[in-house]
Amino acid sequence: MLTLEFEEHRTNEQGKEQFEEYDWWKELVRKAAEKADSFQLRCWEDEKEGIAFGEKFGTKQKSSTKELVFTGTVTEQMMDELTENCVGSDGCLKYFTIAFYTGNQLVFESAHYGYEIYWLHTGFAEMGFMMTLAKNHPLIKGFHNQKD
């Protein structure tokens, strides 16, 4: 499992994690979703922009928490909207948590508005991608490779 480490952690007035730019996130989720066939989106009740995405591309699921949970199929149209329009009006990612699955197996998760990244079942190709991503985006301090 690969996890990211950032140079700086800051939050906005609402306590949401916020970055100066999100190109790194767009590149990462596109790469991580290449082998995925489904997604799970988790939002809080007041996150109207994330909820709108979940309603458009997924089906609402029952949740044992206060989060709203949507699941759906990974499609090109879904990925385009996820990455091209990912920043909300508050300057943070619209998505509290987005996870990708291959079958029933979790392969990637972006949690806490992109601050917690988990890429599971990775190999040399994914590590090489992460090295390039960190080199091209100085806000990424590095990444850790942990046994799944």
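Note that the structure is predicted; figures quoted are calculated from it, not measured.
- Residue Gly50 comes nearest to Cys43 through the heavy atom pair C-SG, 3.6 Å, listed as atom of the first residue, atom of the second, then distance.
- Partner of Tyr95 under the ring-ring contact (aromatic ring centres under 6.0 Å, His included) criterion, out of Phe53, Tyr113, Phe70, Phe39: Phe53 alone.
- Between Asp80 and Arg30 a salt bridge is recorded (basic side-chain N to carboxylate O distance below 4.0 Å).
- Salt bridge status for Lys56 with Glu81: present, with a side-chain N to carboxylate O gap under 4.0 Å.
- Ion pairing between a basic and an acidic side chain is recognised when a charged N comes within 4.0 Å of a carboxylate O; Lys141 and Glu7 show no such pairing.
- Two rings, from Phe143 and Trp119, have their centers 6.0 Å or more apart.
- Nearest heavy atom pair, residue Val74 against residue Ala36, reads CB-O, 4.0 Å.
- Note that CZ of Phe129 is 11.0 Å distant from CG of Leu2, once rounded to the nearest 0.5 Å.
- Taking each heavy atom of Met79 and Ala33 in turn, the nearest pair found is CE-CB, 3.6 Å.
- Contact between Trp25 and Cys86 at its shortest, heavy atoms only, is CZ3-CB, 3.7 Å.
- The CD atom of Gln40 lies 8.5 Å from the CD1 atom of Ile98; values are rounded to the nearest 0.5 Å.
- Lys94 places no side-chain N or O within donor-acceptor distance of the main-chain N or O of Glu47, the cut-off being under 3.5 Å.
- To the nearest 0.5 Å, atom CH2 of residue Trp24 and atom CG of residue Asn136 are 14.0 Å apart.
- Residues Val69 and Arg42 approach most closely at CG2-NH1, 3.4 Å, considering heavy atoms.
- Asp37 contributes a side-chain N or O that, together with a main-chain N or O of Gly103, makes up a donor-acceptor pair within less than 3.5 Å.
- Ser63 and Thr65 share a donor-acceptor pair across their side chains, judged by distance under 3.5 Å alone.
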### Task
Could you give me the CA-CA distance, side-chain angles and deciding distance for His121 and Glu126, then say whether side chain to side chain donor-acceptor pair (under 3.5 Å) is met?
CA-CA 9 Å; His121 315 292; Glu126 291 83 4; over 6 Å; no

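- Two residues are said to be in side-chain contact when any heavy atoms from C-beta on lie closer than 4.5 Å; His137 and Glu27 meet this criterion.
- Checked by atom type, the side-chain pair Thr71/Gln61 shows a donor-acceptor distance below 3.5 Å.
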